[in-house]
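Have a look at the structure below, then the notes.
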Amino acid sequence: MSEAKPGRRDRRRPDLDTVYTINADGSRNFLHPADVRGPWQLRKNLIWALLIAVYVLMPWIELGGKPLIHLDLPGRAAHLFGQTFTNQDFYLAFFLITGMGFGLFVLTSLWGRIWCGYACPQTVFMEGIMRRLERWIEGPRAQRIRRNLGPWTGDKVWRKGLKHALFLVLSYLIAHVFLSYFIPVRELLKVVQESPAAHRSAFGWSMFWTAVLYFNYAWFREQTCLIVCPYGRLQSTLVDDDTVVIGYDAGRGEPRHKGVGEGGDCIDCFRCVEVCPTGIDIRNGLQMECIGCANCIDACDDVMTRTDRPRGLVRYDSQRGFAGQRRRLLRPRVYVYAVLGLAGLAAFGFKAAGREPFQANLLRTSGLPFAIEGESLRNLYTLHIQNKTDAPHRYRIEPAPGAPASLSFIIPQAELTLGPLEDAELPLFATLPRAEYREAFDFALLVTELESGNQRRLALRFRGP
């Protein structure tokens, strides 16, 4: 995959009116962030290493004979940290996502886009692996720019070829790790050794995600954050003047100068822009494109140290802090987001803990509401039973006390056994002498799990002419 040549784009400075990664003619302005070292980079590296280890090792860890996380789409079930959820429990996802979403809102209102800079998978893999690999193969920023501007020499071909080959291999591996959350990893290892024709669906999805990831890492890159992800656009509604963000201390830095004469601490070295993975100038203020990666902090602190100036010209602080005012940690919006997030998680925990081990539903069979057979009235129902556990269970089906004595039932299987996560549908006939029918009435059916004694009472109505 070819890369757009940056041309004379280094002479262009980021501003608030245009997107730096798009040139005036609409072409792509391909970024080449410079490498940077510092305490914030060390913290990110440790966090990224931990997150990648968790991502890779999670499918190998089992609890109760099941992976910690296994989304079984064909079986319409999910195994999460020792708990099994079926399609009947899908509504719980609303409470879980709501709780996690408002939890992210709390983080954003307190510390800005800390998620994007430290934990987002796009950042973890792009900045933690792919860009490092690119720098190792193609060299520092200046060398990469010169090589891209130059002709296609043998040196350029082998470096580009090796980089893209490794990008493709890593995309393939990351895609298969992702696939192991849907196919148990030990089963997946057997699948990849067999013919793709034997597993067309798994092969198709693995190739699809490999292509998507390779396209993202090799070319699309920061455009995923700027165009695809909606989180940056939400940022303006979630932060305020008390939110801790990465910013530039204009009162201390201005007026800028080139290190000679009088002026502020900013020597306009452009280093904060060179290291930015989205190509913004943090000195223009908080912007949608900023992912909070802290590259500019370490870069600026290094320059300040070299020029015998105090560190912290670019730092984590609130807008109030940069203005010399006191910042408020807890504000009304933080409480609102926290309460809503806790409510969602509490609802998920409460409903998940109270889930029934089996599901039973009794519905009238579609068609005529009743049938007349000689001197009898007959209603036909369909009983659906689902075992929601990882062990086989036996169930008994019987009429509940209180039904009219003349109401008889035909139950093809009064007892049945269902395997783990298995379900079954049974027809059920209720018959009443026609002479005894006066009006529609209710009755109930009992479904009992014999091992535990758990019972479901299913109410229905008997209808006639």
Side-chain angles (χ1 to χ4, degrees), residues 46-90 92-93 96-97 100 119-126 128-130 132-133 165-217 348 352-353 355 357-359 386-393 417-424 451:
L46 294 175
I47 294 173
W48 291 347
L50 175 62
L51 292 176
I52 292 173
V54 170
Y55 174 69
V56 173
L57 296 178
M58 189 75 74
W60 292 91
I61 303 174
E62 294 186 350
L63 182 62
K66 298 289 184 180
L68 281 183
I69 300 179
H70 176 212
L71 305 177
D72 184 6
L73 297 183
R76 297 178 298 174
H79 306 280
L80 305 176
F81 301 97
Q83 298 293 318
T84 299
F85 300 87
T86 69
N87 58 322
Q88 301 289 339
D89 303 313
F90 185 73
L92 294 176
L96 180 61
I97 294 174
M100 295 172 63
C120 175
Q122 168 72 7
T123 302
V124 171
F125 288 108
M126 185 72 247
I129 297 179
M130 302 301 177
R132 293 175 183 275
L133 189 63
L166 291 177
F167 276 16
L168 187 60
V169 170
L170 288 172
S171 298
Y172 177 82
L173 294 176
I174 295 172
H176 277 73
V177 174
F178 178 68
L179 202 62
S180 67
Y181 284 86
F182 299 86
I183 302 175
V185 64
R186 293 169 179 80
E187 181 182 337
L188 182 62
L189 291 176
K190 298 178 181 177
V191 168
V192 297
Q193 299 177 44
E194 299 175 359
S195 169
H199 307 279
R200 287 188 174 89
S201 179
F203 177 75
W205 280 110
S206 66
M207 292 299 100
F208 170 78
W209 284 113
T210 298
V212 168
L213 291 173
Y214 172 70
F215 171 76
N216 176 48
Y217 298 140
F348 170 79
R355 289 183 310 124
F358 72 96
Q359 184 78 20
Q386 182 182 33
N387 179 7
K388 298 171 65 174
T389 71
D390 291 327
H393 288 285
T417 300
L418 295 179
L421 304 179
E422 189 179 358
D423 62 349
E451 288 82 2

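Going from atom CD of Gln386 over to atom CG of Leu418 covers 9.0 Å, rounded to the nearest 0.5 Å. If you take CH2 on Trp209 and CD1 on Ile174, they are separated by 12.5 Å, rounding to the nearest 0.5 Å. Here OG1 of Thr123 is found 7.0 Å from CH2 of Trp48. Values are rounded to the nearest 0.5 Å. Within the model, atoms CD1 of Ile69 and CD1 of Ile61 stand 9.5 Å from one another, a figure rounded to the nearest 0.5 Å. Interatomic distance, CG of Leu46 versus CG of Leu51, reported as 11.0 Å (0.5 Å rounding). To the nearest 0.5 Å, atom CG of residue Leu68 and atom CD of residue Gln83 are 12.0 Å apart.
Under a cut-off of 6.0 angstrom, the local environment of CE in Met207 is crowded, with over 12 non-hydrogen atoms contributed by other residues, nucleotides or ligands.
Under the 3.5 Å distance criterion, the side-chain polar atoms of Tyr181 are left unmatched by any main-chain donor or acceptor of Met58. Under a 3.5 Å cut-off, the side chain of Asp72 and the backbone N or O of Ala77 do not form any donor-acceptor pair. Of the possible polar contacts, one joining the Tyr55 side chain to the Phe178 backbone as a donor-acceptor pair under 3.5 Å is found.
Of all the heavy atoms in Phe85 and Asp89, the pair that sits closest is CA-OD2, 3.5 Å. The shortest heavy-atom contact between Ser206 and Leu179 is CB-CD2, 4.1 Å. Considering all non-hydrogen atoms of both residues, Phe125 and Ile52 come closest at CE2-CG1, 4.3 Å. Closest non-hydrogen pair, Ser180 versus Pro59, comes out as OG-CG, 3.1 Å.
The aromatic rings of Trp205 and Phe208 lie perpendicular to each other, with more than 60° between the two planes, well past the 30° mark.
For the pair Ile183 and His199, the minimum side-chain heavy-atom distance is 4.5 Å or more. For the pair Thr86/Gln359, no side-chain contact is recorded, criterion being any heavy-atom separation below 4.5 Å from C-beta on. Residues Leu133 and Phe167 meet the side-chain proximity criterion, which asks for heavy atoms closer than 4.5 Å.
In this model, a donor atom of one side chain and an acceptor atom of the other lie less than 3.5 Å apart for Asn216 and Gln122.
Screening His70, Lys388, His79 for a side-chain hydrogen bond (donor to acceptor under 3.5 Å, both in side chains) with Thr84, the sole residue that qualifies is His79.
Ion pair Asp423/Arg76 flagged as a salt bridge, since at least one NZ, NE, NH1 or NH2 atom sits closer than 4.0 Å to an Asp/Glu carboxylate oxygen.
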